[in-house]
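For the numbers below, each heavy atom of this structure counts, side chains included, while hydrogens, waters and symmetry mates do not. For the single chain, residues carry numbers from 1 onward in sequence order.
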Amino acid sequence: MKSADIRDAFLNYYASKQHSIVPSSSLVPGNDPTLLFTNAGMVQFKDVFLGAEKRDYNRAVSSQRCVRAGGKHNDLENVGYTARHHTFFEMLGNFSFGDYFKREAIGFAWEFLTEVLKLPKERLWITVHISDDEAADIWVNEIGIDPNRLSRLDEDNFWQMGDTGPCGPSTEIFWDHGEDIPGGPPGSPDDDLDRYIEIWNLVFMQFERDSTGKMTPLPKPSIDTGMGLERVAAVMQGVHNNYDIDLFQHLIKAAAKIIGVTDLAENSLKVVADHIRSCAFLVVDGVVPSNEGRGYVLRRIIRRALRHGHNLGASGSFFHKLVVSLGEVMGEAYPELLSMQQEIIVTIKKEEEQFARTLDKGMGVLEAALENLTAEQLPGELIFQLYDTFGFPTDLTNDIARERGYSMDMEGYEECMEAQRARARSASQFGLDYSESIRVEGSTEFVGYNSLEHSADVVALYSAGEEVSAAGMDAEVAVILGSTPFYAESGGQVGDSGYLQTASAKIEVTDCRKAGEHHLHIGKVLSGELNVGDAVTATVDCSVRTATALNHSATHLLHSALQQILGEHVNQKGSLVDSQRLRFDFSHGESISAQQIRDIEHRVNREILRNTPVQTDVMSMDEAVEKGAMALFGEKYGSEVRVLSMGGDFSVELCGGTHANRTGDIGLLKISAESSVSAGVRRIEAVTGEAAIAYCDALQDTVSEMANVLRAARHSVADKARQVVEDNRKLQKEIDALKSKLANASGNDLMAGLREINGFSVLSTVVEGADAKSLRGVADQVRSKLQSGVFMLAAVDGDKAALVAGVTQDLTDKLKAGDLLKYVTAQVDGKGGGRADMAQGAAGSTVNLAAALDSVYDWVSDAS
């Protein structure tokens, strides 16, 4: 049974049991800022389990794509060396939100395994928590499992969402691979071997744990299960290693063909096959290689794949070529692999090419370090620099060091790594999670599409991180209302600002954010006292909201124009919309030309001039997709979505934000900046309305000022500026030539100042009229005239000076130019370095320069 057939059978079985089939969510969690990546099927339902979100179904089934390659859950280093570790995997899961519980969950699982998949019952082993007599009774007395094939375990069979919150026992189902595989059943001394393999975990979410450790039964216990598709496929296909299943074998064979190897059992092929899955899906979900956060993990996975490919003899760029093969086996289940195939290829190929360049730079640094290394051990700081700055794998550094006879200071390396981890932890952006502290039933109704003022009641109140019943003047507060006109930050649009007012209190709202299904009005009590239950008048700042709405609508028009001008590969990678400007990040592999920017502006402004109505419709997700609506990156959508259309079909997107009534309200769009965010991602910044007019005025003022300075008509400013630049360039060349002549002449005169010390010539002086560039030419002249000698030359520029030290070849065994330079720079707050015969540097101060140059003669006398 193929992997795709198992996935379909699982979803269809639970659909027949009244479960709603829920598509896989993004690998970038939309509702859990504490997670780096989606690592389990329950992540997209976390708010539902916590009671912070309501869905229109209470039974769900999904095949969730997951990544475990960073943060707390990290399997990266094990991939390729074990039978079941992956950076990317699919988790099959069924969920009950206060509907059915243990009996039904166990019955469904058993029926699916033994009747749908037709697995032999005698080869399945069960575990339950040591305290869970109910589950054990269901398994033995209702399902009929042999008691000898049921183990009671402790910690392994208890699950918790966090230190506090929902938790409960679990039951696990294991597959017995047979007597010819070493290992014992769960709970035995040999249970960590490969004979008995867990394939399914059923969590019974039945308690609420508080900060003291006390567990209270939940009023509506729930079910959360997870079964690894790759593990079940291995069982169904009669293999003991996940990498032997159809899905991986297709990728392994493709990788072997591209690289040019014949041994399909190579561990490095498994690494490459695993890593192309995680890399491709991360790019699909908006992650791009970078030096921080999720982008850093993606970069690390790509580079690990490249290293293993090169271990197999791969040359040039090869990894991106596997994207097509991946689409062949997973494109039907995940069509985005096919629709975004070119973007995935371009992103990965660019990273491959960049790594090739950094590899060369890293080798240069390593070679230079090895040349000057006096100890027998490579310093930990250098190992870390190669890894951190150049992306140089530590094991590759180790291979090179070992070839040269050096050991590795791994203790020093780990100290540097730990220091970096500490910095990363302190700067982590994944720590804020309101859902852990806010437990309020229901949801906040948003009424702000058509009204900016609304009466509502205070449902909950928070101050200093704690829930309170009242807050007085000057208190920083977060307020939850039953309904609100305030838009909460989402989809790139910032939260509204304004005021909440009661009969006796006034609160300034500076931001509005989402916490589950609620809106948090964040601000400060300006006067009086605010109480839970108070009736408030919520008033949004009209001018800020209107300007923000115009920028948001302009962003949609810009997105469409970018696709029309640059190509359909353009996809949103992030945005920021506030009252002052808009910022739009999108996938594109090269800078945008000035003509393209003008074409994009014209395309948007033509649509603004048409002044068409901005239309919003609420429909099902399927209807929206059929209509051609684009989804915004990072946004979470329900079963019903809000579709925003402008200019007929010019722009059709899913969006819950606030917008203009007509495109003409935007007035004008001007692009103010275009730049690179990271490999394959560009950024456009723009202004609209009055801000766009002010921007144009500022440009006109600049042109007028340049015309006055250049004494040219405004229409000829560019020609006059080019002429001035060209004249300056010619003059600079003449100045450089004159300086060089002057310095050369000085070089001849300098030889008159030679002193004889210990049988050779010494010169230490300032070269008048020279600069840093011409000083090197003078030094070459002096060295050519010296048969045997030492020199130190300086070129003064204000309060700084350039320095050059030289030693003729016959003296370098006892005198080093670098040592002389260090001796002088130490006296003038300078720095520099070089070879034994020539060294260059600079003085940070000229206060002691004369004395330092004079001391050279004593240094040479003592050193020789």
| Stepwise, does the salt bridge (Lys or Arg N to Asp or Glu O under 4.0 Å) test hold for Lys514 with Glu489? | CA-CA 7 Å; Lys514 283 186 177 178; Glu489 180 179 339; over 6 Å; no

| query | Does a sphere of radius 6.0 Å around CD in Glu705 hold more than 12 heavy atoms from other residues, nucleotides or ligands, not counting ones at 6.0 Å or beyond? | reply | no

| Do Phe37 and Leu282 come within less than 4.5 Å of each other through their side chains, counting heavy atoms only? | yes

| Taking Thr510 for the side chain and Ile522 for the main chain, is one N or O donor matched with an acceptor at less than 3.5 Å? | yes

| task | May I ask you to check whether over 12 heavy atoms, not counting those of Asp649, lie within 6.0 Å of atom CG? | result | no

| Between Asp578 (side chain) and Arg581 (backbone), is there a donor-acceptor pair under 3.5 Å? | yes

| Any idea how His659 and His556 line up, ring-wise: parallel (<30°), tilted (30 to 60°), or perpendicular (>60°)? | perpendicular

| field | Test item: side-chain donor near acceptor, Gln342 and His569, under 3.5 Å | value | no

| field | Matching residue for Glu90 among Arg277, Arg7, Arg65, Gln64 - test: side-chain hydrogen bond (donor to acceptor under 3.5 Å, both in side chains) | value | Arg7

| Any sub-3.5 Å donor-acceptor pair from Thr688's side-chain atoms to Ile666's backbone N or O? | no

| message | Looking at Tyr449, I'd like to know if the NZ or CZ of Arg642 sits under 6.0 Å from its six-membered ring centre while staying within 45 degrees of the ring's axis. | response | yes

| said: Looking only at the side chains, is there a donor atom on one of Thr658 and Gln493 sitting less than 3.5 Å from an acceptor on the other? | reply: yes

| said: If you count every heavy atom of other residues, nucleotides or ligands that lies below 6.0 Å from Glu332 atom CD, does the total exceed 12? | reply: no

| Check: Glu351 and Arg303 side chains under 4.5 Å, non-hydrogen atoms | yes

| query | For Ala691, which residues count as a side-chain contact (heavy atoms from CB on, under 4.5 Å) partner, sequence neighbours excluded? | reply | Val687

| request: Over 60° means perpendicular and under 30° means parallel, so classify the ring planes of Phe95 and Phe45, tilted if in between. | output: tilted

| field | Any side-chain heavy-atom pair of Val323 and Ile348 under 4.5 Å | value | yes

| Are the ring centres of His559 and Phe586 closer than 6.0 Å? | no

